[in-house]
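Residue numbering restarts at 1 for every chain, and letters A, B, ... go by the order of the sequence lines.
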There are 2 protein chains.
Amino acid sequence: MRIEKSVKCIDCPLKCDIYLTAREMGLEEMLEPVYIFYKKYESICRQGSKIKNATILIQGNAKMFVSGHCSRNIILNILIPSNYIGLTSVYGLPDYPYSVSALEDCHTCQIENEALEQIYLQNQHFMKLLNHAFGSSVAAIMNKLISLNQKQIRGRVAESLLYLSRLYDSNSFKLSITRRELGELSAISEENTVRALTELRNEEIIGIDGRNIVLKDTETLSRISMNC
Amino acid sequence: MRIEKSVKCIDCPLKCDIYLTAREMGLEEMLEPVYIFYKKYESICRQGSKIKNATILIQGNAKMFVSGHCSRNIILNILIPSNYIGLTSVYGLPDYPYSVSALEDCHTCQIENEALEQIYLQNQHFMKLLNHAFGSSVAAIMNKLISLNQKQIRGRVAESLLYLSRLYDSNSFKLSITRRELGELSAISEENTVRALTELRNEEIIGIDGRNIVLKDTETLSRISMNC
DNA sequence: TTGCGACATTGATATAGATCAACTTTTTTA
DNA sequence: TAAAAAAGTTGATCTATATCAATGTCGCAA
């Protein structure tokens, strides 16, 4: 399953801040990137294990989730190309506070933690980029904390759909996740997720065709997502 | 209510990392600290407003909380002396993502954001301190996300009590918060908080005398807090 | 092509926790 | 010090959502 350096990763050096920065700094050699391919469903990193390298998602979608002692997971984020995994080690958390697994075949690029940290410390521009990325993920989690506690299922499903629409930058998109996972993104049961979707479809606020979703009335959907 | 520089703040320069660091760097003058006193119940900062300075809590307890559009709040943390408020501006969040208000009379010390940022950028040791503080607060929030979603009230109240016990570093402590606030810390209603407390007292796991709490059987309490 | 497993859907039922109401106790204020 | 306000407590009821159960649908491997 694992293909090393030999795999050419087309757009990684173009898109990733860390590559751009390293190149600017003439530190490109330092990175020693390792390209790793993950099959659909494969685990990219596991909550609680040591963070050994920073991973950049190059191709494919993945889910970032936390799991309690009890079986049920909460999906924090859907990761898309150019997203980082394992940032938190820079912020003094040596273990992954979340798990990530591939929703489809994923190409990733991994670099040593030390390299990341060196560039972080030596380049203020890059440091700010990373800090801001981390900062906004915190804001997102706080928002989630509120949503999951104060909104009811319709609102939470509406919010998840709007999140996905923003993520894929379109009102019409194909779900990369199952109904159960859409539930985990909103912290509700699979059954109630389906019920909420059906309801929204019957009210002609969204269109559903299997995994294909169309947001017909984002205005109303936003209003629903704001309601408690 | 506000007393400026003239107020001597006894232990701030000794305890706060930022003072120690600034002094080491010979940048003490740069800080221009302003000492501000908040009466019990007063708001120290408000969610959504611009962060203009970093605040260090010198004396007294405060609550850090997020509020949805709907009335109910969730308390994230109880702040104790030497805790920072407004760190997030360093991480690219110009607005407070939370509110803080005084649970009792609070002495604080405020310094300009620019000064904080300068020291942050110029001193790697301080940067790491701040990064780690921020990182662990993120870990704490993630933990809360799970707890509030997967545990039931007994478990959440048990967890809150253990949190307070760790915070005050004793099995016997005086609550700085009301029952309603203890509920907000666990995201449950005041009534159910009281019921859970009474239950735990009847089972002789804790002792209650008004605001005074004794954790009699932390073993069992931990087990309860782990259960889903 | 058939049958199996994962995914999706719908209805019925159970329940954790919110809310409402009434009351007591403590704290604050005038 | 009295009166008012805030905090704390307990019981009864309601409701949002989980859970259980049954069934349908789709894609894929033998």
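- Between the side chains of B:S160 and B:S186, at least one donor N or O lies within less than 3.5 Å of an accepting N or O.
- Side chain to side chain, B:Y98 and B:T88 fail the donor-acceptor criterion of an N or O pair below 3.5 Å.
- By the 4.5 Å heavy-atom criterion applied to side chains, A:I74 and A:L148 are counted as neighbours.
- Residues A:I44 and A:M64 form no side-chain contact, since every pair of their non-hydrogen atoms from C-beta on lies 4.5 Å or further apart.
- Minimum interatomic distance between A:Q47 and A:S67 (heavy atoms only, all atoms of both residues): OE1-N, 2.8 Å.
- When the P atom of D:dA18 is taken as reference, atom CD of B:Q152 falls 13 Å away, rounded to whole Å.
- B:Y91 is linked by a ring pair (Phe, Tyr, Trp, His ring centres under 6.0 Å) to B:F134, counting only residues two or more places apart in sequence or in another chain.
- We find that CZ of A:R154 is positioned 16 Å from C1' of D:dT15, with the value rounded to whole Å.
- Interface residues of residues 206-215 of chain A facing DNA chain D, ordered by number: none; criterion, heavy-atom separation under 4.0 Å.
- Using a cutoff of 4.0 Å between basic side-chain nitrogens and carboxylate oxygens, B:K40 and B:D105 are not scored as salt-bridged.
- Between B:N212 and B:K174 the shortest side-chain heavy-atom distance falls below 4.5 Å.
- As a whole-Å value, the separation of A:N192 CG from D:dT15 P is 17 Å.
- With A:E184 as reference, A:K63 is the one residue of A:K63, A:R179, A:E190 to meet the side chain to side chain contact (heavy atoms under 4.5 Å, CB included) rule.
- Between A:Y163 and A:I78, the shortest heavy-atom distance links the atoms OH-N, 2.8 Å.
- For the pair B:S101 and B:Y38, the minimum side-chain heavy-atom distance is 4.5 Å or more.
- Rounded to 10°, the helix from C:dT1-D:dA30 to C:dA30-D:dT1 has 40° between the axis fitted to its first five pairs and the one fitted to its last five.
- Per the geometry, CD belonging to A:E190 stands 12 Å off P belonging to D:dA18, to the nearest Å.
- A 4.5 Å side-chain heavy-atom check between B:I111 and B:N53 finds every atom pair outside the cut-off.
- Side-chain proximity of B:Y41 to the nucleotides D:dA7, D:dT17, D:dG11 is greatest for D:dA7.
- If you check residues 178-188 of chain A against DNA chain D, the residues with a heavy atom closer than 4.0 Å are A:A187, A:I188, listed by number.
- Rounded to an integer number of Å, the gap from B:R195 CZ to D:dG11 P is 9 Å.
- Taking every nucleotide of DNA chain C with any atom under 4.0 Å from a non-hydrogen atom of chain A, the first and last of them, 5' to 3', are C:dC7 to C:dA12.
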Scan the side chains in residues 192-200 of chain A for donor-acceptor partners under 3.5 Å anywhere in the protein, sequence neighbours excluded, and list what turns up.
{"residue": "A:N192", "atom": "OD1", "partner": "A:R195", "partner atom": "NE", "Å": "3.1"}
{"residue": "A:N192", "atom": "ND2", "partner": "A:S189", "partner atom": "OG", "Å": "3.3"}
{"residue": "A:T193", "atom": "OG1", "partner": "A:S189", "partner atom": "O", "Å": "2.7"}
{"residue": "A:T198", "atom": "OG1", "partner": "A:V194", "partner atom": "O", "Å": "2.7"}
{"residue": "A:E199", "atom": "OE2", "partner": "A:R154", "partner atom": "NH1", "Å": "2.6"}

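- At the heavy-atom level, B:R156 lies under 4.0 Å from the strands shown only through sugar-phosphate atoms.
- Distance CD1 (B:I153) to P (D:dT17): 17 Å, rounded to an integer number of Å.
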